[in-house]
Amino acid sequence: MGMSGLKLLKYVLFFFNLLFWFCGCCILGFGIYFLIHNNLWLLPFLPLGNVLVIVGSIIMVVAFLGCMGSIKENKCLLMSFFILLLIILLAEVTLAILLFVYEQKLNKYVSESLTTSIQKYSSDNSTREMWDSIQSLLQCCGVNGTSDWNGHPPASCPQGPQVQGCYAKAKQWFHSNFLHVGIITICVCVIQVLGMSFALTLNCQIDKTSQALGL
């Protein structure tokens, strides 16, 4: 690979990471919006805003290292970019394995946490907002049904005799979208591997070019 190939690889990696940097900015912006309005939760202990802020910040940092490392042909930044991507990829694989191994324990823990949080509905504003957002979003009521509210379901519960509990509705949604979730996960992993490959290839080409020029 000559100088032209090195420049092509450099700019491909640069624009690849620039795109992801803008995606990180958008995710961070949505996270800040949800934190300010505090109106959407994933779990009783996991506000969506916090997740988006963390994910967006990580994407921005990693993409920034990739952009600067490629355009400046800086080996230190490229290797930092590679190492961070590798750590993130290993963390994702580890998390997937743990979720698979401890699925039953996780399901039980989530169900118990949701049941406990119902008791704080009247006294805690964040818990009230969490349940209202979950019930409105999934069109469900309580953990297992309207009976969880002791005959006094909140206004966010949909009306009707066939209303499902939020726990069952969430599991139903996940199973019905499992294929899409799997495809997105695989695509993200493939993109990470490609980014790592580009970074290593560019790093090696910088060495070869420096040697060829006698630097």
Sub-4.5 Å side-chain heavy-atom contact between [X] and [Y]:
X	Y	value
Val193	Ser197	yes
Val143	Trp131	yes
Val53	Leu28	yes
Val62	Trp21	no
Asn144	Gln164	no
Asp148	Leu114	no
Leu77	Phe64	no
Glu103	Leu106	no

To the nearest 0.5 angstrom, please state how far the [atom1] atom of [X] sits from the [atom2] atom of [Y].
X	Y	atom1	atom2	answer
Leu138	Ser133	CG	OG	9.0 Å
Asn107	Tyr102	CG	OH	14.5 Å
Ser156	Arg128	OG	CZ	10.5 Å
Glu73	Leu9	CD	CG	10.0 Å
Ile186	Ile191	CD1	CD1	12.0 Å
Glu112	Tyr167	CD	OH	10.0 Å

Check: Are the two sulfur (SG) atoms of Cys166 and Cys140 closer than 2.5 Å?
Finding: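 Cystine link detected, SG atoms below the 2.5 Å cut.
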
Nearest heavy-atom neighbours spanning [X] and [Y]:
X	Y	value
Gly142	Cys157	N-SG, 4.3 Å
Cys141	Thr146	SG-CG2, 3.5 Å
Ser80	Leu65	CB-CD1, 4.2 Å
Cys67	Leu18	SG-N, 3.3 Å
Gln192	Leu85	O-CD1, 3.7 Å
Asn17	Ala63	O-CB, 3.3 Å

Next item on the list: Fit a plane to each ring of Phe20 and Phe16, take the angle between them on a 0 to 90° scale, and name the class: parallel (under 30°), tilted (30 to 60°) or perpendicular (over 60°).
Entry: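 Tilted, since the angle between the ring planes falls between 30° and 60°.
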
Heavy-atom count around [X] [atom1] within 6.0 Å, excluding the residue itself: above 12?
X	atom1	answer
Lys120	NZ	no
Trp149	CH2	yes
Phe14	CZ	yes

Next item on the list: Keeping the roles fixed (side chain from Ser111, backbone from Lys108), state whether a donor-acceptor pair exists under 3.5 Å.
Entry: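 Not confirmed, Ser111 side chain does not pair with Lys108 backbone.
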
Next item on the list: Give the cluster check for Leu90 versus Leu84: same hydrophobic cluster or not, with ILVMFWY residues linked at side-chain heavy-atom distances below 4.5 Å.
Entry: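 Yes, Leu90 and Leu84 fall within the same hydrophobic cluster.
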
Item checked: ILVMFWY cluster, Ile71 and Leu8 together (side-chain gap under 4.5 Å) ->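 Yes, it is one cluster - the side chains of Ile71 and Leu8 are joined through contacts under 4.5 Å.
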
Next item on the list: For the pair Met68 and Asn74, evaluate side-chain contact (heavy atoms from CB on, under 4.5 Å) and give the outcome as yes or no after the intermediate values.
Entry: CA-CA 8 Å; Met68 296 304 296; Asn74 187 301; over 6 Å; no

